[in-house]
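Shown next, in structure tokens, is the structure this report addresses.
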Amino acid sequence: NDISKKDLRDCISIVLQDAVLFGDTIENNVKYGKQDATQEEFENALKMANCYNFVMRLPDQEKTVLSQGATNISQGQRQLLTIARAFLADPKILILDEATSSVDTRTEKKIQDAMVNLMKNRTSIIIAHRLSTIQDADLIIVLDQGVIVEMGSHQDLLKNQGVYNRLYQTQFEASDLEMLGLVKMDVLGIRNLSIIKKVINDIKKTRNIDIKINNIPLNNPKVMELLK
């Protein structure tokens with residue numbers, strides 16, 4: 001009762017899974033978080049969110065007009081712009097709700113780097129299925145079927161050998177295969193490691209001992225270790 005609803009909301013910024021952008025210029029979309037921001041503050045927000053370079057490469061740069069829903073830029077670019085907006089607002093409390101779930105692994109890395117910058121010196125609440133997003137959190141709360149089943153740091157939860165550990169091992173193995181260039185899981189929609197192994201084994205049945213995928217030989221020690 002000691003703080004008004006408006007004052008509380010002014011302290012909070014939210015970055016959602018589906019980026020909310022308007023049919024307006026990039027500049028106006030980002031400055032929605034702080035409409036009286038200076039040009040220097042605006043450009044610094046773009047840089048901290050890792051989207052300055054892509055904006056400057058556009059024909060009209062920050063004056064580029066986004067279509068309704070910002071469909072004229074990529075999903076990853078839309079997400080980076082919403083992070084830039086949050087930077088400019090400079091909130092005391094930050095909520096990140098599945099902010100990287102709709103992008104590929106390479107774009108996820110850019111967004112994660114921007115999120116690390118954004119979370120400095122502020123309280124952050126992160127909602128995520130991709131565990132790479134939350135590994136450095138002070139406290140991780142694991143929900144299963146809507147019930148809290150585990151709480152602790154990343155290392156503590158791995159030692160528990162519980163739900164979090166099983167999720168981590170599955171995501172870690174699949175991520176390693178994707179980074180090797182064997183399969184583009186985000187494109188194919190493949191998340192199950194056993195399915196990936198079957199795809200690789202089917203390819204190996206071609207009897208081409210020199211077969212490569214994206215220039216990675218299948219007899220690569222790292223690949224063979226993952227496929228055991």
Side-chain angles (χ1 to χ4, degrees), residues 12-34 42-89 91 94-120 124-137 167 170-172 174-193 195-196 214:
I12 301 173
S13 282
I14 303 176
V15 179
L16 300 170
Q17 175 179 352
D18 296 320
V20 179
L21 295 168
F22 311 107
D24 202 340
T25 64
I26 287 176
E27 180 179 18
N28 287 342
N29 268 281
V30 173
K31 284 186 176 181
Y32 188 80
K34 184 182 179 183
F42 167 72
E43 291 184 1
N44 183 60
L46 293 183
K47 291 173 183 176
M48 294 298 289
N50 289 340
C51 58
Y52 179 82
N53 289 338
F54 107 73
V55 171
M56 291 301 110
R57 285 196 298 267
L58 295 172
D60 295 321
Q61 299 182 338
E62 72 267 28
K63 301 299 182 184
T64 298
V65 176
L66 301 178
S67 60
Q68 196 64 38
T71 54
N72 53 334
I73 58 175
S74 73
Q75 173 67 29
Q77 290 169 338
R78 293 196 291 272
Q79 202 67 291
L80 290 173
L81 288 178
T82 62
I83 292 175
R85 179 196 291 160
F87 261 116
L88 204 54
L94 175 69
I95 299 175
L96 302 170
D97 188 356
E98 297 284 8
T100 65
S101 64
S102 299
V103 298
D104 60 77
T105 302
R106 289 184 178 85
T107 305
E108 180 187 12
K109 180 64 170 62
K110 291 182 181 179
I111 294 175
Q112 283 182 342
D113 290 344
M115 284 164 49
V116 168
N117 291 333
L118 181 58
M119 289 187 288
K120 287 178 181 176
S124 301
I125 301 170
I126 308 168
I127 304 163
H129 282 87
R130 288 189 180 181
L131 303 187
S132 56
T133 309
I134 60 173
Q135 287 182 29
D136 296 325
L167 286 171
T170 300
Q171 291 187 19
F172 175 77
S175 177
D176 267 6
L177 280 172
E178 184 179 9
M179 292 306 292
L180 283 165
L182 294 176
V183 260
K184 299 294 184 182
M185 290 185 296
D186 285 307
V187 175
L188 298 177
I190 298 175
R191 286 289 170 193
N192 189 312
L193 186 60
I195 296 177
I196 299 168
N214 290 354

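Note that this is a predicted model, so its numbers are computed, not measured.
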By side-chain hydrogen bond (donor to acceptor under 3.5 Å, both in side chains), Asn28 pairs with (sequence neighbours left out) Asp24, Thr25
Taking all non-hydrogen atoms of both residues into account, name the closest pair between Ala45 and Ala84 and its distance. CB-O, 3.6 Å
Least distance between heavy atoms, Leu96 atom then Met119 atom: CD1-SD, 4.0 Å
Return the CD1 to CD1 distance between Ile26 and Ile73, rounded to the nearest 0.5 Å. 5.5 Å
Residues in side-chain hydrogen bond (donor to acceptor under 3.5 Å, both in side chains) with Thr82, at least two apart? Gln79
Closest approach of Arg85 to Val20 (non-hydrogen atoms, all atoms of both residues): NH2-O, 2.9 Å
Under the side-chain hydrogen bond (donor to acceptor under 3.5 Å, both in side chains) test, which residues partner Arg78, sequence neighbours left out? Gln75
Could you tell me which residues satisfy side chain to side chain contact (heavy atoms under 4.5 Å, CB included) with Thr71, sequence neighbours excluded, listed by chain and number? Ser67
Does Asp136 CG have over 12 foreign heavy atoms under 6.0 Å away? no
Taking only residues at least two apart or on different chains, which pairs with a member in residues 63-73 satisfy salt bridge (Lys or Arg N to Asp or Glu O under 4.0 Å)? Glu27-Lys63
Gap between atom CG of Leu58 and atom CG of Leu66 - 0.5 Å precision: 8.5 Å
Using a 3.5 Å distance criterion without hydrogens, assess whether the side chain of Gln77 forms a donor-acceptor pair with backbone atoms of Ser74. yes
Using every non-hydrogen atom in the two residues, find where Ala49 and Phe87 come nearest and quote the distance to one decimal. N-CE1, 3.8 Å
Using side chain to side chain contact (heavy atoms under 4.5 Å, CB included) as the criterion, list what pairs up with Gln135, not counting sequence neighbours. Ser132, His154, Tyr164, Tyr168
Find the distance between CD1 (Ile134) and CD1 (Ile126) and round it off to the nearest 0.5 Å. 7.5 Å
Which residues pass the side-chain hydrogen bond (donor to acceptor under 3.5 Å, both in side chains) test with Thr64, sequence neighbours left out? none
For Lys47, which residues count as a salt bridge (Lys or Arg N to Asp or Glu O under 4.0 Å) partner, sequence neighbours excluded? none
For Tyr32, the ring pair (Phe, Tyr, Trp, His ring centres under 6.0 Å) test, sequence neighbours excluded, returns Phe22
Taking side chain to side chain contact (heavy atoms under 4.5 Å, CB included) as the definition, give me every residue that meets it alongside Ile12, ordered by chain and number, with sequence neighbours left out. Leu8, Ile14, Ile93, Ile95
Nearest heavy-atom approach of Glu62 to Met56 is OE1-CE, 3.5 Å
Which atoms form the tightest heavy-atom contact between Asn72 and Val65, and what is the distance? ND2-O, 3.2 Å
